[in-house]
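Worksheet: one structure, shown below.
All values below were derived from every heavy atom in this structure, side-chain atoms included, with hydrogens, water molecules and symmetry-related copies excluded. We name chains A, B, ... by the order of the sequence lines, and we start the count at 1 in each one.
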Amino acid sequence: MTPLLQANGLSKTYSARFPKRDSFDALSDMTFDVRPGEIFAFLGPNGAGKTTTINLLLGFLNPTRGECRLFGLDPRERRAREQVGFLPENYAFYPAFTAPTLLNYFGRLQGIPAPERLKRIDELIERVDLTEARRRPVGKYSRGMRQRLGIAQALLNRPKLLILDEPTSGFDPIGRYMVRDLLSELKQSGVSIFLCSHILSEVEAICDRVVIIDRGRTVREGTLASVLGTGRGFEIVFRDASGDVSRDLAARGTAIEELENNRRIAVNDEAEAQRLLDQIRAGGGVIVRYQAIGRSLEETFIQDIAGRHTRAQEKVS
Amino acid sequence: MVHRITAVAWMTFRRLLRSRILMAGAILALLVMGLYSGILIAILAAAEEGDQQEVQALVPMFFHLAVAMFGTVSTIMATIIGVTVLRTDMTSGTIFGVLAKPVSRGEYVAGNWLGGLVAVLILWLVFAVVMGAIASGIGAPLGSLHVAIIASRILMAALSLSAALLLSIRFNAWGAAVLSVLLVNGASVVEQVANIMGALKVDVPEKLVNALAFPFPVTNAFDGLSERLMQSDLAPDSLLPAVAHVVDYALVLLFVAYLFFRRLDLNRSSE
């Protein structure tokens with residue numbers, strides 16, 4: 001499957017030449033891709049380089065090294081953005097205009113024919129629940145209402161790829177539910193989503209793949225299962241009818257938890273888990289379940305980022 | 001391409017209307033015109049007394065003063081519009097919503113310029129209608145010469161707009177405004193500085209003055225165009241080179257603005 005969005009060795013260095021030559025690596029060697037139909041979560045703490053990455057992906061910034069491709073094209077090319085919908089964290093609209101006027105403007109820029117455009121605008125205004133506020137200037141909207149309008153403009157051209165930066169920012173719980181519902185609906189209809197969010201429980205509920213970045217570098221990446229799977233260790237659930245295996249293991253200091261019909265062992269190390277599996281099988285035990293014990297995305301994120309920061313501080317001291 | 005440029009231009013024009021820049025310009029123009037109302041009163045008085053000779057002498061003076069005054073106002077307006085439209089989009093962040101759409105940066109710059117130009121044209125249209133009404137009222141309707149003079153002033157405003165738009169990409173509004181006035185009127189500024197130095201008994205070689213004025217040839221071109229029009233010279237072979245010079249300059253500035261803007265890093269910061 002050809003990726004809709006690709007970043008290959010993407011780097012951005014900001015340099016100040018005056019009054020002194022100084023430079024700052026906002027992004028270093030970032031490589032990832034977004035495939036058709038998936039929700040791709042792009043996570044990182046504040047200042048990690050998420051916004052810089054999005055700016056590069058949409059052609060607002062020029063990369064210092066590496067390249068990115070949108071639908072196989074340089075994002076600075078006009079055609080590359082034809083099938084993209086973008087929602088920034090705090091969308092800046094012209095405050096004196098109403099929602100239909102602004103959506104009409106964006107629709108014209110996207111070349112949507114007038115009858116279809118007007119119909120789509122009505123649909124979207126209803127979808128994001130702005131019908132009652134449609135005659136009010138956007139400058140008088142609350143933050144949540146502006147965010148709803150931002151979502152509407154991002155969906156105007158029925159995009160194949162959505163780039164969303166904190167889509168639930170400024171929303172109350174009902175608004176958040178609306179966004180989550182909408183994202184699931186879009187995913188089902190085959191839209192790919194590049195999602196930046198700090199609300200990791202929501203991300204975990206809907207995303208397929210994850211990249212965690214910190215200080216401009218990739219810390220962890222992979223499918224959601226692989227990212228969450230390598231955390232607390234491994235769990236072995238087995239059945240031991242005679243009880244011989246359990247006695248033998250307990251004699252060697254392995255902690256065994258008694259379940260209703262089975263027994264459970266949890267270990268941190270994978271090699272240790274493999275050794276125990278062999279031992280259980282050799283002793284006549286039956287393996288009911290063997291799996292990595294997952295963490296929540298939030299735990300993974302905090303452990304990764306906090307770990308890096310602690311190591312960096314240790315180096316400095 | 002055309003529909004995207006016109007969409008940006010239309011929105012730029014509507015933004016200018018809403019921002020009341022045009023309204024402020026019109027009020028400023030009316031206030032300055034009030035300063036010249038003495039001449040109008042003199043014309044009306046002469047007409048009432050049946051002194052046609054006096055009327056014939058005063059009418060051109062009134063027209064030229066009004067055009068000169070309104071020309072200055074429209075150039076100031078064009079400069080303000082030029083330094084405002086793109087810079088405001090960049091600082092407020094509205095530019096990101098637009099450039100995330102399939103719009104090239106060239107189309108965006110062209111649309112902003114065109115929207116600003118439409119605003120200036122509307123100011124001139126209002127002025128021309130008012131002047132036409134006054135001129136008809138005092139029995140001296142506007143002719144092709146007057147139209148040509150107004151057109152030359154509109155060209156000058158378009159030039160100021162291009163310069164201001166270009167400079168607003170790199171400088172803040174005040175800096176861009178001052179520099180664009182210098183860029184458009186550079187030759188005159190150099191000449192005036194040389195005159196002041198001369199008055200202070202400091203001899204500035206003519207070659208140096210010419211060299212310093214060289215990057216700003218447009219003032220001379222525009223002065224030449226105005227001079228011909230004041231002499232009622234409407235011959236195309238004498239007007240066209242001067243017109244072409246001003247138009248060339250405006251388009252070159254616009255193109256340089258595009259080149260600057262094309263690869264400019266637009267940094268959308270996280271909130």
Derivation and outcome, side chain to side chain donor-acceptor pair (under 3.5 Å), residues A/Y14 and B/D265: CA-CA 10 Å; A/Y14 292 108; B/D265 272 351; over 6 Å; no

Contact part of [X] toward chain A, heavy-atom cut-off under 4.5 Å: side chain, backbone, both or neither?
X: B/R263; value: both
X: B/T88; value: neither
X: B/R14; value: both
X: B/L264; value: backbone

So does [X] pair up with [Y], basic N to acidic O under 4.0 Å?
X: A/R134; Y: A/D122; answer: yes
X: A/E123; Y: A/R120; answer: yes
X: A/E67; Y: A/R69; answer: yes

Looking only at heavy atoms, which of residues 149-161 of chain A get nearer than 4.5 Å to chain B?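 Only A/Q153 of residues 149-161 of chain A have a heavy atom under 4.5 Å from chain B.
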
If you count heavy-atom pairs within less than 4.5 Å of chain B, which of A/F97, A/Y94, A/F106 leads?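 Winner by heavy-atom pair count: A/Y94.
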
Which is it for A/R81 and A/E77 under the salt bridge (charged side-chain N to carboxylate O under 4.0 Å, His left out) test, yes or no, and what are the steps along the way? CA-CA 8 Å; A/R81 300 188 299 274; A/E77 278 184 46; over 6 Å; no

Do you know which of B/S19, B/G97, B/A100 has the most heavy-atom pairs under 4.5 Å to chain A? B/A100

For the residue pair B/F261 and B/Y108, categorise the inter-ring angle as parallel (less than 30°), tilted (30 to 60°) or perpendicular (more than 60°). parallel

Check: B/V103 main-chain N/O paired with B/R4 side-chain donor or acceptor under 3.5 Å: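 Checked: no pair found.
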
Just by distance, do the side chain of A/R65 and the backbone of A/K12 share a donor-acceptor pair under 3.5 Å?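 Looks like no, no N/O pair under 3.5 Å.
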
List the residues meeting ring pair (Phe, Tyr, Trp, His ring centres under 6.0 Å) with A/F93, not counting sequence neighbours, and say none if there are none. A/Y91

Part of A/R79 lying under 4.5 Å from any heavy atom of chain B: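 The answer is neither part of A/R79.
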
